[in-house]
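All chains are named by letter (A, B, ...) in the order of the sequence lines, taking the proteins before the strands, and each is independently numbered beginning at 1. It should be emphasised that the depicted structure is a prediction, and the values quoted were computed from it without experimental measurement.
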Amino acid sequence: MEAFQLLSRGGARFNKQRFKSDVQIFNKAAPPKDVKGKGVLTQLPPELDFFKYAKAPSGKRKAEDKESDVHAEGKQEKVERKRRKIEEESADSDDNHIGIEEEAPTMQKHRVTAKGSDVPKPIASFEDLRERYNVPPRLLSNLSENSYKHPTGIQAHGIPILLEHRDLAAISPTGTGKTLAYLTPIISALGSPISSMKNDGGRGVRAVILAPTRELAHQIHNECLKLAAGRKWRTVLFSKATASTLSDKNVRDKVDIIISTPLRLVVSIQEGNLELNNVQHLVLDEADRMLDPEFLSQVQEVVAACTHPNIQKAVFSATLPAGSEKLAMGILRNPIRIIVGLKDTPLPLIAQTLTYVADDASKLPSLLTYLSQPYNPPLLVFTSTQPRTTSLAEELIMNGIPNVDCLHAGMTKKQRDDAVSRMRRGESWVMVTTEVMARGMDFKGIREVINYDFPTSVQSYVHRIGRTGRAGREGKAVTYFTDEDGPFLKAIANVLLQSGSSVPEWILKLPKPSKMKRRQMGKVKRANTVNAARKIGRNDAIKKRDMIAGSKRRKEKELRETDKNNGVGEGDRSAK
DNA sequence: AAAAAAC
């Protein structure tokens, strides 16, 4: 009982603080001053109560059902029903499922659902970690010195799970502190840097974190350095340069944590320049991306190389489609699944709009008009390809837009690093980019995102606009759509609805495009790509690459099928 | 459904 009171007090304090400092609109809405006990958030005006989606099912639904903001009532109800269904599914309790009901107040505040056996209770503050798990004081002081005062939902729930050495699938919205949620327990569990160990040292790297882009790996490494400050931790951002340094076994065995993109790691393993047999913590950040067909075999190779019997594995993302979740669950052992908020859904803090621009030629004038009015720099502009990123940046510069920058993976490492640095220093006002920046990147200042080209999936949309609205701040996201984007418009419109933004009625009335039509659209687009490729004389190269990729994908699919039939685990397969 | 990303 005492513990429970402590938890609810801590939770209440956290929420009050967080909302007061970060969400201006909270003050305007005059929150209840008395935050003692339960239900601060249940008293929020419905448009602010974005935790409601993940609350344990209760009789309180009705009051929350009334949302004023949406034009199409019928659609709204449908979405609501879907929402409720998802909740019921995730809250499906079995005997092992510890007290969602008993812990309801805390759970509600953190809007979290947990599934799995013997789920550890969440922490109320980082200080709890000292008593409960003997987390080193140095680590705790590093947290508070970097202004991490109160755990977010994913941190409160995820850190204890990882500290109890359980496998974890964690789904938490963009900008809610996932990186810290896995770095803190890893550094705590490692105890002491290898270099300072007398007996146990020299057996090789003990933790590996995989991320889909270099930029993200870099950012994770920076966070890691903050937490590692004051002790002789060796944390390595894996790259060509560091890989060659680590080809010396004596150097390599003194490394504590490696942060890397998958292929880089695979290459080193294959060259015999790296062993992962002492890895006890493996994290896949942006897990659904990492389990995409193009990354999957690489990731599986890394997983297979981690042969330590006691390895703990965790996957983190804001989005985890069913297919990816299955793959993830195949990699994890007796995992706990934590969902904060609703998966595949942006934060309602981000005000989203869809803007019709007729055709591609109308996009540039629209953007120029947008930029001629006051906006909050830095602005992030997403396009669909590298060439389009470059040419749009050039157009903007020619039109006199100041401080335009661009970043895509076709640029050199130095160019990429410089662009990120300019962004971090606040020197870029308009950053034009590709999917490379869509996931994980945390630029605190970004208030506005523009999808210049329509995103190619719901996941892409959620992650792109998730570059704003971070750590409780408000954000704004504008998405251009043309006639060609028609077939995919409705899916995105539903995402807007689910996260509390309004959508013009006519969009919701769009018929669901038939499979035939979608296939046709796909063909048209593919033909365009081929034509474009022919123009720049790379047709053959692209064809060849696509053929290779295609056959690889098919092969992987076949393997998946046969494995399923033979009951072979994920790890076994890639070893073949 | 498709481009970009990983070296």
Under-4.0 Å side-chain N/O to phosphate OP1/OP2 contact, A:Ser384 with B:dA4: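 It does not, given that no N or O in the side chain of A:Ser384 lies less than 4.0 Å from OP1 or OP2 of B:dA4.
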
B:dC7 phosphate, OP1 or OP2, under 4.0 Å from A:Thr261 side-chain N/O: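 Yes, such a contact exists.
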
Rounded distance (Å) that lies between atom [atom2] of [N] and atom [atom1] of [X]:
{"X": "A:Asp292", "N": "B:dA4", "atom1": "CG", "atom2": "C1'", "answer": "10 Å"}
{"X": "A:Leu296", "N": "B:dA4", "atom1": "CG", "atom2": "P", "answer": "21 Å"}
{"X": "A:Gln459", "N": "B:dA4", "atom1": "CD", "atom2": "P", "answer": "18 Å"}
{"X": "A:Leu284", "N": "B:dA6", "atom1": "CG", "atom2": "P", "answer": "17 Å"}
{"X": "A:Asp485", "N": "B:dA3", "atom1": "CG", "atom2": "P", "answer": "13 Å"}
{"X": "A:Phe382", "N": "B:dA5", "atom1": "CZ", "atom2": "C1'", "answer": "14 Å"}
{"X": "A:Arg214", "N": "B:dC7", "atom1": "CZ", "atom2": "P", "answer": "5 Å"}
{"X": "A:Arg388", "N": "B:dA2", "atom1": "CZ", "atom2": "P", "answer": "16 Å"}

A:Thr152 vs A:Leu180 side-chain heavy atoms within contact, under 4.5 Å: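 With C-beta onward as the side chain, the pair stays apart.
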
Residue pair A:Thr389 / A:Met437, side-chain heavy-atom distance below 4.5 Å: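 No, side chains not in contact.
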
NA contact type, [X], heavy-atom cut-off 4.0 Å: base, sugar-phosphate, or nothing?
{"X": "A:Ser457", "answer": "base"}
{"X": "A:Arg416", "answer": "sugar-phosphate"}
{"X": "A:Pro212", "answer": "sugar-phosphate"}
{"X": "A:Arg289", "answer": "base"}

N-O pairing of A:Asp285 and A:Lys178 below 4.0 Å: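 Looking at A:Asp285 and A:Lys178, the cut-off is not met.
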
Closest to the A:Arg264 side chain, choosing from B:dA6, B:dA4, B:dC7: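 Looking only at side-chain atoms, A:Arg264 lies closest to B:dC7.
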
Parallel, tilted or perpendicular: ring planes of A:Trp506 versus A:Tyr356, cut at 30 and 60 degrees: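 Plane angle over 60°, so perpendicular.
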
Under 3.5 Å donor-acceptor pair, A:Gln386 side-chain atoms to B:dA4 base atoms: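 Checked by distance alone, the answer is no.
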
Ring centres under 6.0 angstrom apart (A:Phe488, A:Phe454):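 So the answer is no for these two rings.
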
